[in-house]
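Sequence positions, counted from 1, serve as the residue numbers for this chain.
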Amino acid sequence: MKVILLSAAIGKGVSSKSGAPKHYAFSSVSYLVPEKDFIQGDHNIQKCGYEPKSVSMVDNQELYNKFKKITAENGICEVDLILQPDPENMSRNIVSDVQLVK
């Protein structure tokens with residue numbers, strides 16, 4: 001899936017906000033996609049530019065480091081996100097790899 005990459009994030013720790021300590025982990029990618037018009041019945045909403053979106057990625061430090069290298073060398077750039085089914089929810093996809101579009 002070709003997108004304009006904004007950022008990637010990975011983190012883990014222990015939250016104690018709700019009393020008992022609870023482990024957490026997250027990893028995600030933020031990207032831009034072209035806006036789309038919405039025309040339906042009496043509604044006609046025109047849009048231009050880009051809309052920010054995010055998607056989960058495999059919780060893998062090497063994959064995060066690949067995103068970090070791409071953004072450090074290219075800033076905001078076009079990439080190809082490689083997706084796979086999310087093992088925790090097979091109706092969703094998560095990012096399993098990334099390649100810079102040249």
Side-chain angles (χ1 to χ4, degrees):
M1 176 172 81
K2 287 187 171 64
V3 299
I4 298 173
L5 175 64
L6 289 177
S7 64
I10 190 169
K12 55 185 83 174
V14 179
S15 173
S16 54
K17 285 194 287 187
S18 59
K22 183 177 179 182
H23 290 273
Y24 69 88
F26 67 90
S27 51
S28 64
V29 176
S30 297
Y31 61 96
L32 296 174
V33 295
E35 286 278 13
K36 292 183 180 176
D37 294 343
F38 177 79
I39 301 170
Q40 186 177 49
D42 291 340
H43 304 282
N44 183 351
I45 301 170
Q46 298 178 18
K47 298 180 178 182
C48 63
Y50 293 88
E51 175 183 3
K53 296 213 175 210
S54 66
V55 63
S56 295
M57 73 175 178
V58 174
D59 188 9
N60 178 295
Q61 188 66 45
E62 289 180 25
L63 178 57
Y64 170 77
N65 291 344
K66 196 170 181 181
F67 276 100
K68 187 172 182 177
K69 183 175 193 278
I70 289 172
T71 58
E73 293 175 358
N74 302 281
I76 296 174
C77 59
E78 188 175 16
V79 296
D80 192 10
L81 298 178
I82 311 304
L83 304 175
Q84 73 178 36
D86 184 342
E88 295 180 14
N89 182 346
M90 296 303 277
S91 65
R92 293 187 325 175
N93 289 322
I94 60 174
V95 176
S96 60
D97 201 4
V98 62
Q99 297 173 343
L100 181 65
V101 173
K102 295 184 180 194

Task: With Lys68 via salt bridge (Lys or Arg N to Asp or Glu O under 4.0 Å) - residues at least two apart - done: none
Task: Any pair counted as side chain to side chain donor-acceptor pair (under 3.5 Å), so long as it reaches residues 22-37, sequence neighbours left out - done: none
TODO: Mind listing the closest non-hydrogen atom pair of Phe26 and Ala9 along with its distance?
DONE: CE1-CB, 4.0 Å
Task: Non-hydrogen side-chain atoms of Phe67 and Val95 separated by less than 4.5 Å - done: yes
TODO: Give a yes or no on whether Val55 and Val3 share a hydrophobic cluster (residues Ile, Leu, Val, Met, Phe, Trp, Tyr; joining criterion: side-chain heavy atoms under 4.5 Å apart).
DONE: yes
Open item on the list: With side chain to side chain donor-acceptor pair (under 3.5 Å) as the rule and sequence neighbours excluded, what pairs involving residues 86-98 come up?
Closed with: Lys66-Asp97, Asp86-Arg92, Asn89-Ser91
Open item on the list: When you group the ILVMFWY residues by side-chain heavy-atom contacts below 4.5 Å and let the links chain together, are Leu100 and Ile4 in the same group?
Closed with: no
TODO: Quick one: closest heavy-atom pair of Ile94 and Val58, and the distance?
DONE: CD1-CG2, 3.8 Å
Open item on the list: Grouping I, L, V, M, F, W and Y whenever their side-chain heavy atoms are under 4.5 Å apart, do Leu5 and Leu32 come out in a common cluster?
Closed with: no
Open item on the list: Please give the remaining members of the hydrophobic cluster of Ile39, linking ILVMFWY side chains under 4.5 Å, ordered by chain and number.
Closed with: none
Report, one line per pair, each donor and acceptor closer than 3.5 Å where one atom sits in a side chain of residues 74-84; sequence neighbours left out.
from, atom 1, to, atom 2, distance (Å)
Asn74, ND2, Ile70, O, 3.0
Asp80, OD1, Met1, N, 2.8

Task: Sequence neighbours excluded, every pair satisfying side chain to side chain donor-acceptor pair (under 3.5 Å) that has a member inside residues 46-62 - done: Gln61-Asn65
